[in-house]
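Accompanying notes for the structure given below.
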Amino acid sequence: MCGRFTLTVPTYELLASSLGIAPSPEQAALYRPRYNVAPGNATWILRMRDGVRELSQAEWGLVPRWTKELAGARRPINARGETLRDKPSFRSSYDKRRCVVVSDGFFEWKPGPRGKEPIWFHPKDGGLLLYAGLYDEWRDPEGAELHPTFAVITTTPNELVRPVHDRMPVVLRGDAVSRWLEAPLDPSTGHAPAELDALLAPPGEGVLVALPVSRRVNDVHHDDPSVLRADEPEAANDEATPRGQTLSLFGDVTPPRTKRRAR
DNA sequence: CCAGACGTTGTT
DNA sequence: GTCTGG
DNA sequence: CCAGACGTTGTT
DNA sequence: GTCTGG
């Protein structure tokens with residue numbers, strides 16, 4: 001699946017150097033660590049541009065270039081690796097516009113006694129987690145604006161993720177990153193070479209670990225380090241419950257939201 | 001041929 | 001139940 | 001992915 | 001743009 005992820009690297013400079021990218025001051029100004037990247041958000045992708053790796057922002061939810069109206073357009077956030085070649089929305093991006101989605105962990109939810117309980121899957125040894133992705137650029141017919149968007153490719157889960165969900169993002173490691181980004185078209189078919197299909201497999205065991213985290217992450221407005229902390233355990237005995245205080249039957253009482261933004 | 005869709009996940 | 005917004 | 005809305009007319 | 005359904 002993969003419908004929410006993190007990119008918590010503290011600075012753009014550290015991110016760029018980890019990816020072997022020449023830093024751009026303009027891009028640096030746009031960077032901030034993210035603890036709750038949600039569909040529709042702008043975030044960071046890596047792609048080839050004139051033969052060079054480029055780190056840039058794109059919006060999560062792929063809008064194919066042939067889309068007539070941006071309003072109301074479907075924006076798939078995921079693309080099944082098994083069927084990329086068959087789908088009009090993905091086929092040309094698979095051939096010509098592959099990207100890498102830059103992250104350091106993703107969330108999956110499982111139902112629990114206290115509601116949807118989020119689990120953060122992230123690299124055991126820390127560092128980046130890179131997903132195989134597709135992008136496209138939609139051009140507004142009224143203007144010259146290019147609107148870049150992307151989708152994360154999914155595959156079957158490995159043993160770690162399987163108990164929680166039946167899909168997971170395709171993770172690229174080592175030389176799979178450059179193979180994914182740089183493979184030329186197969187001259188005999190005019191499409192992406194068959195060797196790319198082999199990359200769209202679940203990661204081996206031991207790459208990722210699972211950490212239960214705070215249900216605060218369920219709300220997309222919570223985008224700070226607190227989402228990666230464990231929730232307070234439910235006060236189950238009088239030691240943990242201050243005298244005279246009544247537990248809510250409905251779980252924690254969230255303070256009122258900050259004022260809505262006017263439109 | 002033209003018209004219309006073009007996606008995924010999860011839940012019931 | 002289904003759509004929209006983030 | 002989850003959370004929250006889900007509507008119209010007319011008036012300012 | 002490209003595929004599917006009729």
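Each chain gets a letter, A, B and so on, in the order its sequence line appears, and its residues count up from 1. This structure is a prediction, so every number in the text was calculated from the model and none was measured. Scope of the values below: all heavy atoms of this structure, side chains included, with no hydrogens, waters or symmetry mates.
- Atom pair A/Trp60:CH2 and D/dC2:C1' shows a separation of 12 Å (rounding to whole Å applied).
- Aromatic ring orientation, A/Trp44 versus A/Tyr31: tilted (interplanar angle from 30° to 60°).
- A donor-acceptor pair under 3.5 Å is formed between the side chain of A/Ser103 and the backbone N or O of A/Gly105.
- Between A/His165 and B/dT9 there is no side-chain polar atom (N or O) within less than 4.0 angstrom of OP1 or OP2.
- Nearest to the side-chain atoms of A/Asn41 among the listed nucleotides E/dG1, B/dT9, C/dG6 stands C/dG6.
- Within the structure, a side-chain polar atom (N or O) of A/Arg74 is placed less than 4.0 Å from OP1 or OP2 of B/dC6.
- The C1' atoms of B/dA5 and D/dA5 are separated by 27 Å, rounded to the nearest whole Å.
- Across the protein-nucleic acid pair, A/Trp138 atom CH2 and E/dG1 atom C1' stand 15 Å apart, rounded to whole Å.
- Nucleotides C/dG6 and B/dC6 place their C1' atoms 24 Å apart, quoted to the nearest Å.
- Distance from the side chain of A/Asn78 is smallest to B/dT9 among B/dG10, B/dT11, B/dT9.
- The stretch residues 88-97 of chain A comes close to DNA chain E through A/Pro88, A/Arg91, each having a heavy atom under 4.0 Å from the strand.
- Of the candidate nucleotides B/dT9, B/dT8, C/dG6, B/dT8 has the atom nearest to the side chain of A/Lys87.
- A salt bridge (Lys or Arg N to Asp or Glu O under 4.0 Å) with A/Asp136 is found for one member of A/Arg98, A/Arg65, A/Lys96 and no other, namely A/Arg65.
- The CD atom of A/Glu137 lies 10.5 Å from the CG atom of A/Leu62; values are rounded to the nearest 0.5 Å.
- For the pair A/Phe121 CZ and D/dC1 P, the interatomic distance rounds to 14 Å; values are reported in whole Å.
- Rounded to a whole angstrom, the distance from the C1' atom of C/dT2 to that of B/dG7 is 16 Å.
- The aromatic rings of A/Trp138 and A/His147 sit perpendicular, their planes meeting at an angle over 60°, well past the 30° parallel limit.
- Proximity of A/Arg80 to the phosphate of B/dT9: a side-chain N or O atom is located under 4.0 Å from OP1 or OP2.
- The side chain of A/Trp109 lies closest to D/dC2, out of B/dT9, D/dC2, B/dG7.
- Between D/dC2 and B/dT11, the two C1' atoms lie 14 Å apart (nearest whole Å).
- Note: CG (A/Leu134) to P (B/dT8) measures 11 Å, nearest angstrom.
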Pairing annotation in dot-bracket form, given for DNA chain B with Watson-Crick or G-U pairs under 3.5 Å and | for cross-strand partners: ||||||......
Under 3.5 Å between N/O atoms: give me all the protein pairs with nucleotides 2-4 of chain C, atom names plus distance.
none

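- A salt bridge between A/Arg167 and A/Glu82 is present, with a side-chain N of the basic residue lying under 4.0 Å from a carboxylate O of the acidic one.
- Remark: P of B/dA5 and CH2 of A/Trp66 are 11 Å apart, rounded to the nearest angstrom.
- Using a 4.0 Å cut-off between charged nitrogen and carboxylate oxygen, A/Arg75 and A/Glu59 count as a salt-bridge pair.
- Taking atom NE2 of residue A/His191 and atom C1' of nucleotide E/dG1, one finds them 12 Å apart after rounding to whole Å.
- With 3.5 Å as the limit, one finds no donor-acceptor pair spanning the side chains of A/Asn41 and A/Thr43.
- Atom-to-atom, CG of A/Asp219 to P of D/dC1 comes out at 17 Å; the value is rounded to the nearest Å.
- Separation of atoms CE (A/Met168) and CG (A/Asp166) is listed at 12.0 Å; rounding is to 0.5 Å.
- Remark: side-chain polar atoms of A/Glu205 are paired, donor with acceptor, to backbone N or O of A/Glu159 under 3.5 angstrom.
- Distance A/Arg34 CZ to C/dG6 P: 13 Å, rounded to the nearest Å.
- Straight-line distance between the C1' atoms of B/dG10 and E/dG1: roughly 30 Å, to the nearest whole Å.
- Only the C1' atoms considered, C/dG5 is 27 Å distant from B/dG4, to the nearest whole Å.
- Note: A/Trp180 and A/Tyr94 have tilted aromatic rings, judged against thresholds of 30 and 60 degrees for the angle between ring planes.
- By the 4.0 Å N-to-carboxylate-O rule, A/Arg47 lies close enough to A/Glu54 to be salt-bridged with it.
- By the 30° and 60° cut-offs, the orientation of the rings of A/His122 relative to A/Trp120 is parallel.
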